[in-house]
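Below: one structure, written as structure tokens.
Order of the sequence lines fixes the chain letters, A, B, ..., with proteins taken first and strands second; residue numbering starts at 1 for each chain. Fair warning: this is a prediction, and the values are worked out from it, not measured in the lab.
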Protein chains: 2
Amino acid sequence: MTTDVPQTRIQRKNREAIYGAALEVFSTEGFRGATLDQIAAAAGLSKPNLLYYFPSKEAIYTGLLSGLLETWLDPLRDIDPTGEPIEEMLGYLCRKLEMSRDFPRESRLFANEILRGAPHILDQIEGPLRTLVDEKSALLRGWAAAGRIAPLDPHHLIFSIWSTTQHYADFGAQVSGILGSEGEAHFKDAEDFLTILFRSALTPVNN
Amino acid sequence: MTTDVPQTRIQRKNREAIYGAALEVFSTEGFRGATLDQIAAAAGLSKPNLLYYFPSKEAIYTGLLSGLLETWLDPLRDIDPTGEPIEEMLGYLCRKLEMSRDFPRESRLFANEILRGAPHILDQIEGPLRTLVDEKSALLRGWAAAGRIAPLDPHHLIFSIWSTTQHYADFGAQVSGILGSEGEAHFKDAEDFLTILFRSALTPVNN
DNA sequence: CCCGAATTTGACCAAATGGTCAACATTCCC
DNA sequence: GGGAATGTTGACCATTTGGTCAAATTCGGG
């Protein structure tokens with residue numbers, strides 16, 4: 001197959017600007033709520049110019065989504081089968097929490113998509129993601145069988161790590177509204193709490 | 001102030017139908033994604049007839065939202081200060097999980113709203129909800145001080161219960177895509193897992 | 001059965017929005 | 001420096017959508 005990466009330098013620059021603008025707009029407005037004019041303005045381009053680089057609004061959205069999905073799953077991939085189990089899992093937890101703090105737009109973009117039934121990435125979920133999760137689940141089951149972690153359902157364990165960490169990005173408005181202080185102040189407290197929560201559950205019973 | 005409840009029986013019936021249709025449409029399409037025609041069709045009314053009962057799309061949305069917020073928080077209110085702490089919290093957990101199973105549309109509706117910064121209910125969050133959460137947090141702190149539960153941050157404990165349970169409604173597409181089987185099959189496993197997770201964290205250390 | 005109030009709707013409107021196109025500007029490379 | 005390829009845009013279009021309105025229909029009580 002032929003190469004399909006952007007050739008010219010100006011093409012690469014504008015495509016980058018469009019993806020950045022699209023991330024900003026889609027993550028706060030959702031797919032249907034976002035408009036091409038908003039994205040064009042955020043990217044510093046005219047609307048027809050947008051459509052010179054992408055054939056449609058949907059093409060921008062799906063391109064952005066699939067491009068980000070890769071890096072979004074890196075922390076899960078990075079769980080080291082040869083590492084110390086509990087520290088590996090707590091490390092994964094912390095990396096996910098950092099992503100909620102540092103990349104909340106990406107988190108909200110995915111949340112939005114999945115909320116609506118994941119129409120654009122369902123095949124990615126049922127394919128590569130499922131495979132990856134199943135692989136890590138097998139790893140967790142092995143650790144449990146060896147008595148190195150408590151025998152928890154690995155799938156639901158992963159879900160609970162996803163949900164508790166992404167909560168601070170996706171539901172940030174609620175968190176801030178309840179805790180009061182704006183910004184990223186609660187992430188330290190969240191890390192402390194979640195570390196305790198999962199460490200106590202992962203530690204095998206040997207008392 | 002005068003009474004503002006619907007007088008005639010036909011008014012009550014149609015308002016009910018509209019709220020039901022609006023819940024269905026708003027929860028799957030989001031506020032901007034939903035159209036009056038969709039809602040009208042789902043309610044079995046014509047669009048002008050819709051607007052005879054509600055002045056605008058936004059009025060339907062906010063009316064629905066604030067009406068549901070009440071019952072949505074009932075489980076939290078029901079935590080009994082005189083009960084056995086750990087069983088009270090695990091009972092709350094189960095009730096929240098049941099709500100994700102039985103009322104996923106309501107859960108997604110709120111998730112959508114909060115994802116976008118909670119523009120329509122931020123005052124409800126910063127007011128009554130915050131007050132309620134603070135009250136229950138004080139209760140949890142009291143229980144911790146008495147050594148009846150582990151000394152966890154009560155706010156983040158509540159957040160983690162919300163996020164883990166609502167995950168099965170809001171991210172149901174992802175859960176189903178990874179676990180395979182459709183429907184509500186995973187709720188039993190989820191309950192088992194979450195009960196273990198939170199019981200192990202809530203149980204005070206006295207080994 | 002009849003009248004006023006309540007309810008319903010077809011036709012319509014203005015604004016927003018995704019997308020097109022021909023013309024204009026710029027860049028690249030020989 | 002010039003011509004082809006690349007990049008940019010103002011003007012425009014069709015459709016969708018929230019909302020209006022006057023006319024028509026139904027309802028409820030005396």
Side-chain angles (χ1 to χ4, degrees), chain A residues 2-65 109 112-113 116 119-120, chain B residues 2-65 109 112-113 116 119-120:
Chain A
T2 62
T3 167
D4 54 1
V5 288
Q7 279 87 349
T8 88
R9 139 191 60 111
I10 183 169
Q11 230 170 68
R12 205 163 353 238
K13 182 196 66 167
N14 279 344
R15 273 199 156 84
E16 208 52 44
I18 292 170
Y19 274 138
L23 172 60
E24 179 67 29
V25 177
F26 279 133
S27 68
T28 61
E29 308 284 345
F31 177 72
R32 292 216 44 186
T35 74
L36 288 180
D37 293 276
Q38 279 178 299
I39 298 174
L45 299 173
S46 66
K47 182 167 64 170
N49 204 11
L50 255 200
L51 295 163
Y52 172 73
Y53 290 99
F54 291 87
S56 69
K57 180 183 177 182
E58 185 145 355
I60 303 176
Y61 184 72
T62 57
L64 177 65
L65 219 47
L109 186 76
N112 236 305
E113 168 69 9
R116 278 175 185 59
H120 299 89
Chain B
T2 61
T3 168
D4 54 2
V5 288
Q7 279 88 348
T8 88
R9 139 189 62 109
I10 182 168
Q11 228 168 71
R12 203 163 352 238
K13 182 196 67 164
N14 279 344
R15 273 200 155 83
E16 209 52 43
I18 291 170
Y19 275 137
L23 173 60
E24 180 67 27
V25 177
F26 280 133
S27 68
T28 59
E29 308 284 346
F31 177 71
R32 291 216 44 186
T35 75
L36 288 181
D37 294 276
Q38 279 178 300
I39 299 174
L45 300 173
S46 66
K47 181 167 64 169
N49 204 10
L50 255 202
L51 295 163
Y52 172 75
Y53 290 99
F54 291 88
S56 68
K57 180 183 177 182
E58 185 145 356
I60 303 176
Y61 184 71
T62 58
L64 177 66
L65 219 48
L109 186 77
N112 236 305
E113 168 71 9
R116 280 177 184 56
H120 299 90

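Nucleic acid contact for A:Ala34: sugar-phosphate only, since backbone atoms but no base atoms lie under 4.0 Å from a heavy atom of the residue. At the heavy-atom level, B:Leu51 lies under 4.0 Å from base atoms of the strands shown. In this structure, A:Leu45 reaches neither bases nor backbone, as no heavy-atom distance under 4.0 Å exists between it and the strands shown.
If you check C:dG18, D:dG7, D:dT8 against the side chain of A:Lys57, the one that comes closest is C:dG18. Listed candidates were C:dT20, C:dC28, D:dG7. Nearest to the side chain of A:Tyr53 is D:dG7. Nearest to the side chain of A:Leu36, among C:dG18, D:dG7, C:dC21, sits C:dG18. Nearest nucleotide to the side chain of A:Gln11, out of C:dG18, D:dT6, C:dT8: D:dT6. For A:Thr8, the side-chain atoms get nearest to D:dG7 when compared with the rest of C:dT7, D:dG19, D:dG7. If you check C:dC28, C:dT20, D:dG28 against the side chain of A:Pro48, the one that comes closest is C:dT20. Across D:dG18, D:dT9, C:dG18, the shortest atom-to-atom separation from the side chain of A:Lys47 is found for C:dG18.
In this structure, the CZ atom of A:Phe54 is 19 Å from the C1' atom of C:dT20, given to the nearest Å. Between the CG atom of B:Leu50 and the P atom of D:dG18 there is a distance of 10 Å, given to the nearest Å. When the P atom of D:dG7 is taken as reference, atom CZ of A:Arg12 falls 11 Å away, rounded to whole Å. Remark: C1' of C:dT26 and NZ of A:Lys13 are 12 Å apart, rounded to the nearest angstrom. Distance CG (A:Asn49) to C1' (D:dA11): 16 Å, rounded to an integer number of Å. Atom CD of B:Glu29 is separated from atom C1' of D:dT16 by 14 Å (rounded to the nearest Å). Regarding B:Tyr52, its OH atom lies at a distance of 11 Å from the C1' atom of D:dC27, rounded to whole Å. The distance between atom CZ of A:Arg32 and atom P of D:dT16, rounded to the nearest whole Å, is 11 Å.
Summary of the strand contacts: A:Asp37 and A:Ile10 both lie near DNA chain C, and taking for each the nucleotide with the nearest heavy atom, the more 5' one is attributed to A:Asp37. Nearer to the 5' terminus of DNA chain D, by closest-nucleotide assignment, is the contact made by A:Asn14 (compared with the other of B:Ser56 and A:Asn14).
The shortest side-chain heavy-atom distance between B:Asn112 and B:Arg116 falls under the 4.5 Å cut-off. Using a 4.5 Å cut-off on side-chain heavy atoms (C-beta onward), B:Tyr53 and B:Ile60 make no contact.
Between B:Phe54 and B:Tyr19, the gap from one ring centroid to the other is short of 6.0 Å.
Note that B:Lys57 lies in the cation-pi zone of B:Phe31, set by a 6.0 Å cut-off to the ring centre and a 45° limit from the axis.
Atom CD of residue A:Gln11 and atom OH of residue A:Tyr52 lie 6.0 Å apart, to the nearest 0.5 angstrom.
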